[in-house]
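In what follows, a structure is listed as structure tokens, so that the remarks can point back to it.
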Amino acid sequence: MNPDDLLYAETHEWARIEDTPDGKLATVGITAFAVELLTDLVNIDLPAEGTAVEAGQPFGEVESVKSVSDLNSPVDGEVVEVNHAIAGHLETVSNDPFGDGWFVKIKLTDAGALEKLMDREAYEAQIREDQ
Amino acid sequence: MDQQQESLFRTPLYEWHVARGGRMVDFAGWSMPVQYTSIIDEHVKTRNAGGIADISHMGRLRFEGPGAAVFLAELLTRRVSDMREGQIRYSLVTNEQGGIMDDVLVGYYRNANGQPFYVVVVNASNRRKVVDWVQSRLPPERAERPGQEVIFTDVTRLWAMFAIQGPRALELLQPLVDVELPWMRYYRGAQVAILHPAAQRQGGIISRTGYTGEDGFELSVGATIAADVWEVLVELGRPRGMVPTGLGARDTLRLEAGMPLYGHELGEHVEPFQAGLGFACHLTGYDFPGRDALRAIQERPPHQARVGLEMAGRRVARQGAPILAGTDQIGEVTSGTFSPTLNKPIAMAYLRREYAEAGTVVSVDVRGRIEPARLVPLPFYRRNNQGA
């Protein structure tokens with residue numbers, strides 16, 4: 001169920017990396033496993049366009065009835081687009097976390113952090129260990 | 001993780017919870033389901049039809065013997081000695097300084113043999129502490145005083161307890177017990193026969209009490225028949241739209257109902273009047289620990305009041321969030337969650353009394369960012385038909 005073409009962070013964010021004329025662009029969201037853990041998603045707090053983000057550092061928060069968790073950026077870069085459509089429609093995230101439920105697009109300033117991310121197999125192995 | 005789970009207490013329904021996908025967490029040393037499907041789903045179904053919750057982790061302390069009434073009167077803040085059979089009262093256990101050691105329900109019942117007894121229901125998180133406190137006040141020379149004997153038993157592990165809450169709770173339970181539930185008033189209870197083969201002719205205790213803001217009941221049955229009786233409740237509840245509910249919904253339901261929770265609104269550093277629990281303190285009768293301290297506290301108006309907050313935004317202010325007026329801290333959030341009924345974040349807090357007026361707008365520091373909130377009267381939710 002986790003797509004093959006994504007990179008995954010230990011903290012359950014995913015990144016889809018594309019090459020554009022301006023350099024590398026990462027679309028970022030949270031995994032279906034994270035959505036399942038949260039269950040009752042009640043708020044997602046995202047940064048404004050133009051915000052600089054750092055790999056492994058929080059750039060927003062995702063909140064369920066029971067708890068709030070940081071969203072950690074999987075990459076170094078600058079937020080160039082925010083998915084405002086999910087704000088009033090958190091079910092989009094629950095129903096399609098790897099598609100329409102994406103959070104932000106980040107223009108990479110440094111591709112070095114990509115090496116710390118996992119492929120699908122490694123991520124699924126981590127989930128199995130956590131459980 | 002597994003190692004830790006091993007050492008937790010399990011209710012008689014532990015296997016059922018696990019088999020039905022309950023997400024098990026450590027709650028006060030018990031392995032309990034926080035949810036089966038989703039907190040919001042279980043919450044909404046409780047309000048609309050009914051929820052069935054395993055609350056066997058709640059401590060149940062039984063007192064009997066000719067000295068039980070006086071012993072409890074000298075332990076609890078609420079008068080006990082004038083209680084009639086079938087009556088239940090909300091009370092506190094306070095320390096010598098008047099701080100709240102626990103909030104409890106005390107019920108007075110009579111068993112099938114005509115013997116009267118009291119059951120004190122305590123918080124799971126405080127059971128050890130309250131049991132120690134009781135035992136320290138009940139040395140053999142007190143427990144065995146001729147004509148004033150007190151028999152104290154911690155029956156928590158012997159009895160399961162279920163909360164059946166919501167508008168359809170009564171119709172679910174009525175066929176299963178030999179008392180007329182419509183005539184049972186709020187905060188009343190009875191020893192009953194359970195009219196189902198699953199109970200194997202054992203009785204139980206049913207009371208019109210709860211922690212959700214709905215009409216509802218709490219049912220205690222012996223641990224050996226608990227799983228079978230539970231199964232009957234769940235099966236009969238399903239066609240009525242009633243569902244098993246976990247501790248997550250129990251918390252959101254009680255918060256909407258404005259009910260305090262020990263460890264959040266209540267603690268040993270909290271005195272009853274600031275918590276709005278003056279009604280549970282009877283200061284002119286028996287001498288219980290903290291009575292004189294509470295008399296002195298009652299003389300001066302409390303600095304703080306327990307209040308309700310509705311957040312303007314979507315971020316939830318949780319326990320510990322400071323409340324500010326300008327740069328001054330004027331209070332602190334004690335419980336916060338997302339209210340499924342109001343579809344917005346709500347919180348309870350202690351606030352300096354001069355600010356504690358409905359409609360006042362305050363600032364809450366929610367994890368480093370200021371969020372506006374408005375004071376609203378408690379409870380956040382009141383059911384339409386306050387029948388019972």
Side-chain angles (χ1 to χ4, degrees), chain A residues 10-12 30-48 51-54 57-73 79 82-97 101 103-104 125-131, chain B residues 1-2 5 18 21-25 27 32-46 245-256 311-321 333 335-347 364-371:
Chain A
E10 234 172 76
T11 45
H12 309 293
I30 57 171
T31 66
F33 180 76
V35 166
E36 156 81 21
L37 276 187
L38 292 161
T39 313
D40 292 292
L41 217 49
V42 297
N43 191 43
I44 295 173
D45 203 62
L46 297 175
T51 305
V53 296
E54 202 179 318
Q57 295 300 310
F59 70 95
E61 58 185 33
V62 57
E63 189 146 22
S64 70
V65 170
K66 205 74 197 150
S67 64
V68 59
S69 319
D70 281 332
L71 290 167
N72 295 312
S73 180
V79 176
V82 176
N83 188 0
H84 296 291
I86 59 175
H89 299 278
L90 299 181
E91 68 279 4
T92 311
V93 178
S94 310
N95 297 336
D96 192 10
F103 289 175
V104 291
Q126 181 207 302
I127 292 176
R128 278 194 299 276
E129 248 171 67
D130 286 355
Q131 278 173 324
Chain B
M1 178 86 169
D2 283 345
Q5 294 281 331
V18 171
R23 200 173 285 174
M24 306 305 282
V25 298
F27 181 82
M32 297 298 289
V34 69
Q35 66 188 55
Y36 304 91
T37 56
S38 108
I39 294 172
I40 293 178
D41 179 62
E42 292 165 21
H43 178 113
V44 169
K45 285 181 173 145
T46 301
T245 60
L247 293 182
R250 184 169 167 82
D251 190 48
T252 53
L253 289 160
R254 72 93 194 166
L255 230 164
E256 283 189 348
M311 307 302 292
R314 300 284 296 180
R315 297 174 74 229
V316 180
R318 297 179 189 269
Q319 185 171 32
V333 170
S335 298
T337 193
F338 181 84
S339 161
T341 305
L342 304 176
N343 192 35
K344 63 172 83 162
I346 57 171
V364 187
D365 180 345
V366 181
R367 300 177 293 279
R369 227 163 67 210
I370 298 299
E371 303 283 348

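Sequence lines set the chain letters: A, B, ... in the order given, protein chains first and strands last, and positions in each chain run from 1.
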Going by side-chain hydrogen bond (donor to acceptor under 3.5 Å, both in side chains), name the residues that satisfy it together with B/Arg23, two or more places apart in sequence or in a different chain. A/Thr39
Which answer fits B/Asp251, side chain, backbone, both or neither, if we ask what part of it has an atom under 4.5 Å from a heavy atom of chain A? side chain
Over 12 non-hydrogen atoms of neighbours within 6.0 angstrom of CD in A/Glu10: no
Closest heavy-atom pair and its distance - B/Ile39, A/Val65: CG2-CG1, 3.9 Å
Min side-chain heavy-atom separation A/Lys66-B/Gln35 under 4.5 Å: no
Whether B/Arg314 side chain and A/Val42 backbone form a donor-acceptor pair below 3.5 Å: yes
Which answer fits B/Ser339, side chain, backbone, both or neither, if we ask what part of it has an atom under 4.5 Å from a heavy atom of chain A? neither
Answer with side chain, backbone, both or neither: which region of B/Thr252 has an atom nearer than 4.5 Å to a non-hydrogen atom of chain A? side chain
My understanding is that only residues two or more places apart in sequence, or in another chain, count here; which of them pass side-chain hydrogen bond (donor to acceptor under 3.5 Å, both in side chains) with B/Arg369? A/Asp45
